[in-house]
Structure formats: C-alpha cells, structure tokens
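Since the structure comes first, as structure tokens, the remarks are kept for the end.
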Amino acid sequence: MKHVAAVALCALMTSAAGLAHAQEYPDRTVTIIVPYAAGGIADIAARTLGEALSEKWDQEVIVDNRTGGAGFVAATAVANADPDGYTLFVSDMGVNVINPYLFEDVPYDPAEDFRPITMISDTPLVLVANSETPFDTAAEYVEYAKTNPGELSFGSAGIGSLNHIVPEWINAEMGLDTAHIPYRGGAPAATAIASGEAEVGVLALSSVGPFVDSGELKILGLAREERVESHPDIPTLIESGIPNVAAGQWAALFAPAEVPDEIVEKIAADSLEFLNSEEARETFGERGAIVVPMESDELGAMLDNLREQFSTIIVDANIRAN
Amino acid sequence: MDVLANIQLGLLTAATLENLAYCFVGVTVGMIVGVLPGIGHLAAISLLMPLTFHVPATASLVLLAGIYYGAQYGGSIASILLNLPGTASSAVACLDGYPMAQKGRAGAALMITTIASFFGSCLSIVVLILMAPPLAQLALAFHSADYFSMMVLGLVAAGSISQGKPLMGLASVILGLAIGLVGIDVNTGSMRFTFGTPELFEGVSIIVIAMALFGVVEVISSIGRTGEGAKVHDVSFRSLMPTRNELSRSWWPMLRGSGIGVGVGVLPGTGGGSMASFMAYAVEKRVSRTPEEFGKGSIAGVSAPEAANNSAAQSAFIPTLTLGIPGDAIMALMLGALLIHGIQPGPRVVTESPELFWGLVVSFLIGNFFLLILNIPLIRVWVRILQIPYKVLFPSIILLIAVGVYSVNRSTFDVMLVAGLAFVGFLMIRIGFEAAPLLLGYILGPLLEENMRRALLVSRGDFMIFLERPISAVFLFFALAMLAWVVFSSLRTPKLNETSSAESG
C-alpha cells in the first residue's frame, strides 16, 4: 500500500513537474534554425510563425539561417542541440525527406533525429512552359512529349531539388522522355524557361508570377491534390490525367527528437492557434504561400508517406548526388 | 514628360524625412561594413533584414540597398591603404591602389575612388531611369551559350591582368579554376574535392580566398619591414587632392568602367561587381598607352574598376526589380524583402508600385550624394591609418579578418581555411604566383564550366550552338580578334616587350 502510494506520488510529482516545465516554457530566447538564406520559403515561414510566437510567449524568437551543405549544417546543429525546446527547426522536403535518398552519406537521420510539431505553409508547384511552345494544357504537353521523345528540356533549381524530382515523376507516370537542365536555384531556372532555353519546368507558383504576367510563361497545371483558392482556374495535374503527381514546397516546424512531450504539445498548440487565425491566412497569402495548420501526428504520417513515395521515385529516376 | 513625372514621384517618396533617414543609415552602415575587411554587405543585409519587416516596403528597400552600394564605396579603402580588400569586388583596387599608397599617394587614390564611385553610380542610375525595362529584356536574350562565350572573352581580356611572367600568370589562373571546382557540381550533383566536409559543399567562399591571398599574405610579407611604419606624413588637404594630370587621366577610364559595369550588372549570374571590376581593369590595361604602369600605381587602374563595380551595383537592381531575377545572393535577399512586404517583383512593380520603384531609384541618387559628402572629409582619417605602427596594425588586421570571415557563414571552418590558404598562398606568391589572376580564374572557372555544359545539354552535345547563337558568336569573334591582336602586336614589337618584362621581373 505504502509502495503504491509512493509510486502514485512519484507519478503525480513528475507530471506536476512536467506541467510546471511546460508552463514555464519558454523563459528565455527560442532559436529557430533554418537551413536556407533569409527571404526564402522556409525562412519566411519561420519568421512569420516566430513573430507570432514571440508575441504570445513574450520571449524573443530568433531565426538563425544556417545555410550550406545541402542543409546538412543546419540539420546536424538541430540534431545535436539540447532537447529542451529552445532550439527548433523549420525545414522542408529537401532536408527532411529527399536528402537520405539523394546522398550516400547523410550525417543525420530525418526520421529519427527530429520530431514533427506542425506544418506551417505550403507553396504550390506548377508545371509551366515557355509561351511559344505548341501546347497549352498539361494533357497537350503529355501528348506532345510522347510524340517527340527527347526533344523537350525541363529546367530545375538543381539536382535533387523538388523541381527536378517532380518532372521526373511526371515522366515516370506517363512514360515521357524529357531532358533535365539544372540551374543554380529557382529564379535562374524560371528565367531560363522564360528565355526559351528550356521549354518547361515545375516551379513554385510564387516565383513564376512575374513571367506569367509579362506573357513569357504559361501555367499548364498544378502539382497538388486540389486546386488553390487564390488561383481557382489552374487545374491540377491529376485532373489533367497525370495520376499521383502532387508535391508542394512546404515548410514545417520540428524539434530535436528528445524534446519532452509537454513542451512539444505547448509549442504545437500555440503555433496552431496562430496558424488557424485569419491573420495568418492573410499574412501567408500576401507572401505567396498557403497556410497549412496540421497536427503533429498528421504531419508525422504525411512524412512517412512522402518518404515511401520519394524513395521509389528517386531510385527509379536514378537521381543521385555524390 | 514621362521621365520627369517619374522623377518627381521618386523625389516625393525619397525625400520624406523617414526615407532620407533610412537612406542615410543604410549608406553609413554599408560604408562601415565595406571598410572592415571580410564583414561583407551580405552578412550586414541578412542581419538587418528582419528589422525592416515592420517598416514600409520602400523604406526597408532604401535601407538595404543603401548598405549594398555603400559597401562598394567603403570596400576599396582598405584595399588601397593595406592591400586588404574590404569586399570581394574591390580586390582589383589592390592592384594599383596599394602601389599608389606606397608611393605616398594614398589620399589621391582614395579621392579618385570616391569620385569614380560617384561617377559610376550616377551614370548607372541615369541609365536605370531612362531604360530600365528594355535593358531588363537583355537578361532574357542571354542563354547559357552566350554567357559561356562572354566568359571566354572575359578570360582572354583578363589575360593581361598578370603582371609577372605570362606562364606564372597562366598557372595562377589554372590554380584558381581548380579551387573553383570545389563543391557540388551543378550539372551532375557530384561532390568535387569536398572530402565529405559539408562546409565545402557550396565551394570555397570568395571572401575566404580574397582575405587569404591579399590580406593575410600581405601581413606576412610585411613582417620583416617593422621599421618603416608611417608612409604618409603629409595629410594636408592639398596632398589628398589628385593632381590635374591624375584627374584628366581618369575621365575616360571612369566612363569606360561605368559602361562595363552597367553591362555586367544587368546580366544576372555573371558574378556581379567582381566580374565588372576585373573586366574594366583588363580593358583599361589593353587600351592604355602606358600599360607598363599598371600594377605599379596607375591611376586608370584605380578609377576604371571602381567606377565599374559601383555602376554594376546600381544596375544589378534592373533585372531584380523589373524581372524578379536576382543576379546574386544579395539581390535574392532584396527579393525576399519585397516578398515579405507582399510585393511581387516583376514587370508589375514599375506600374503597380511606382512610388516604390522610382522612390528607390531617386534614393540611390540621394544616397550617393550622402556617400560623397561622407567620404571626402573622412579620407584624411583613413589615411592616418597608415601612421599606426605595424605592431599594432597587423594583429588588428588579422583579428578583423578572422571576425569578418567568421561573420559571413558563422563558420570556424572558414577561418581555418583562411589561415591555411594564406600560408600556402604566401609561399606560392613568393615563388611567382599571382593573386589577381588566381582570383579571376576562381570567379570565371565555375561560370565557364557550368554554362558550357548547360549549353551542351540544351543542344544535346552539339558544339555548333556556340556559333549558331548570334550573341555567342559575336563574343567568340571578339575573343579571337583580341587573341590575334595580342599575338600580332607581340610579334611586331618584341623589343618593347622585353624591356617591360625586364622592368617588372
């Protein structure tokens, strides 16, 4: 009896301590590490959320851009950080899904080292073509590429980028043969397609806007499960008869794997409260992204799913670095 | 008049007290980070960018842009005084600026730089006002094959940058090309010479190379000369002024330099200011009637590259703002700042946010006036740096370099890399290698390779693409003509060459 009471007391104490811990959190500056330069998709997501959390917590939330090394530098820093919730990670497809299938030797394990907290934003990808190409819809593109194998080129932001993998995915689904031309980043790739050096490409909707306005690029379809509110007239690729192809340039919030449940739950709850607000919807909308609040479990399941999907696509298309 | 209405709108926006203040703060910060070796404007802009989220879009861009072009002014100061490039693009200013300073003409060199910077910027701004949209289209006319051929011309033109034995110059360029290979190969994604070090995935940073080969090597070489501390005794205003002769020999170089700067600036992906200043220097040496003076304190070798890198800094905004194409990492940050404020860069910026576009352009003019006013009285202060005894100056320089290099990526690896490269570089420069051609090879090599292989990917392996595209063919023709001219003129005047190489050797 005495024993049971002691255990109960202990349990009570630990949960109380945990609770107190979570209530106290955060009592100092929180750092969000981002693997990309300021101004990019992940950075904007981190800053927008960071600002809201900072106001809510009355603590500073700093965004730390640790660029370089295909995200290795930032990811290892987070993986090795104290799991106290004061170091968080805003990351994307490349670092959290693609890297292990792309590189032979990755110094971190995205599935084991990080704990998903919530999805923040999603920037839809669109299939675009130079305006002088003889096709105007995704279906016509597939038709043209089928009858002229090897003739078309697609531009990308680099080997292993989502802009490289998604067109290869379309090729695999539809049995097409198009050549990959890599550029140094999304903006040069968009420029190359606008200038006609490459005919097509799958690029972030937010980055092709200027060229669509000026008439150099046309949008053929959206690589997404459903249409987006801001551009209801763009059909999805799936609607156009290219099955399965849906992937966005999302940004999500992670913590090192060992961060206690209470803290993760608090961060998740506070983040979701902001992300579900009208204010968040407007702010992200203005910055070219869609806000996508998502519970931790749902995000975890989605990541597992993506890892399975992409490991096959990347291996099938024989995309490799080093 | 459309242009006048635009300028008026720009003036109304830029001349508000708020925007004037942001402009002033921007150019001042820019000049300071420019003067400090290594602490690049990239680091300064990324640090300050978050602070601008809560100010209006125009003000934030005015501030960030001010840092960018302000740093171009400051960058050459340390180059001239201490052979220490404050920014990568001012490495060229070391070539003739430092010899001028050693001859006691530091003040004049700094004054000329200030004038050339102002001149180059203003010319570029005028071009920006008159023909930004059509110039922006130029960026879309260039394909990979054209970039490749332009780089070939650049490389041929820059052959003349070498000051010693031609063979050693060539070896230096090739060494630079090899260092440029380090990192992920864009075309295949394979890692080259990274030895599994993530810090090397993106290659060796240009800041690291410039700091190691110019700055630290200079410090090591000077260790023996402890006795001769101050080289400048006279800092009277008169001694700071360039002579009439120096001034009159600077106008044409400035004009040509500005033209090159505008041309390189509007083309995204050409390496920005560094490329412009190298090209301007090479052109000046080619057209000069006294090429043997270059490298020994030629005034044209200071004014042309200075004008070029400043005009490139201004014209780089043309593709960024009007097409949404960032030419380099800094322009990408500017785009990010625009996006954060909900402004979509592109052709619509000029029509939908004219007050932003024209306000920014006019703020460039105002900012350049600020810089001019700020710089002239400061020259006396800068020159006094030379009076600091070496035993105090050198350790401070090394400390500044270490801090500066660390600040770029917050990487201790980069600091160690500077130390290692400087040590190797010192030995190599002792045996006749040269820093400037090496740096040029480093800048041009990756661009050459990337564009050539990409062009061949596009043409499915057909080399004729370089001749079939008119822009590319013209560049290659000029490169060939230049080569022929060099060979021809060296055959015709063997005597002159002998004497000049004897002098420099």
Side-chain angles (χ1 to χ4, degrees), chain A residues 37-40 43-44 47-48 50-51 62-73 76 102-103 105 107 150-151 153 158-160 164 179-185 187-188 190-192 194-198 206-214 216 283 285-288 319-322, chain B residues 42 45-47 49-50 53-54 139-145 184-191 194 196-202 205 268-269 319-320 322-326 329 331-349 409-411 450 454-455 457-458 460:
Chain A
D43 178 74
I44 291 178
R47 288 187 196 277
T48 315
E51 237 166 63
I62 303 178
V63 173
D64 180 357
N65 305 87
R66 298 262 183 104
T67 55
F72 288 12
V73 178
T76 7
L102 195 65
F103 296 94
D105 199 14
E151 194 196 297
S153 306
I159 301 270
H164 173 197
H180 174 219
I181 319 269
Y183 291 84
R184 256 180 217 276
T191 313
S195 79
E197 179 160 273
S206 59
S207 72
V208 298
F211 290 118
V212 174
D213 290 338
S214 61
E216 265 114 8
T283 319
E286 259 175 31
R287 297 173 183 180
I319 301 171
R320 289 219 64 82
N322 67 359
Chain B
L42 184 63
I45 292 172
S46 27
L47 279 176
M49 200 177 101
F53 290 173
H54 300 287
L140 284 181
F142 269 64
H143 283 194
S144 301
I184 295 182
D185 168 29
V186 179
N187 285 290
T188 60
S190 50
M191 300 287 181
T194 58
T197 316
E199 284 88 350
L200 285 177
F201 284 8
E202 249 95 286
S205 132
T320 307
T322 56
L323 287 179
I325 311 169
M331 288 298 133
L333 277 178
M334 300 277 173
L335 279 191
L338 276 180
L339 278 175
I340 293 231
H341 284 102
I343 293 168
Q344 184 68 250
R348 277 190 308 186
V349 168
N409 281 327
R410 263 169 306 160
S411 143
E450 191 184 319
R454 190 180 292 135
L457 267 179
V458 171
R460 308 293 189 266

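Here is the naming used below: chain letters follow the sequence lines, and residue numbers restart at 1 for every chain.
- The shortest heavy-atom contact between B/Ala145 and A/Glu197 is N-OE1, 4.4 Å.
- A donor-acceptor pair is defined here as one N or O able to donate and one able to accept, closer than 3.5 Å; no such pair exists between the side chain of B/Arg454 and the backbone of A/Ile181.
- Contact of A/Arg47 with chain B is made through the side chain alone, with heavy-atom distances under 4.5 Å.
- In this structure, chain B has a heavy atom under 4.5 Å from the backbone of A/His180, while its side chain stays farther away.
- For A/Ala194, the parts sitting under 4.5 Å from any heavy atom of chain B are the backbone and the side chain alike.
- Proximity to chain A is absent for every atom of B/Thr194, based on heavy atoms less than 4.5 angstrom apart.
- Partners of A/Tyr183 under the ring pair (Phe, Tyr, Trp, His ring centres under 6.0 Å) rule, at least two apart in sequence or in another chain, do not exist in this structure.
- When every heavy atom of A/Ser195 is checked against every heavy atom of B/Leu140, the shortest pair comes out as CB-O, 3.0 Å.
- Aromatic ring pairs are classed by plane angle as parallel below 30°, tilted from 30° to 60° and perpendicular above 60°; the pair B/Phe201 and A/Phe103 is parallel.
- Applying the side chain to side chain contact (heavy atoms under 4.5 Å, CB included) rule to B/Ser411 yields the partners B/Glu199, B/Asn409, B/Phe413, B/Asp414; only residues at least two apart in sequence or on another chain are considered.
- Between the B/Arg460 side chain and the A/Gly150 main chain, a donor and an acceptor come within less than 3.5 Å of each other.
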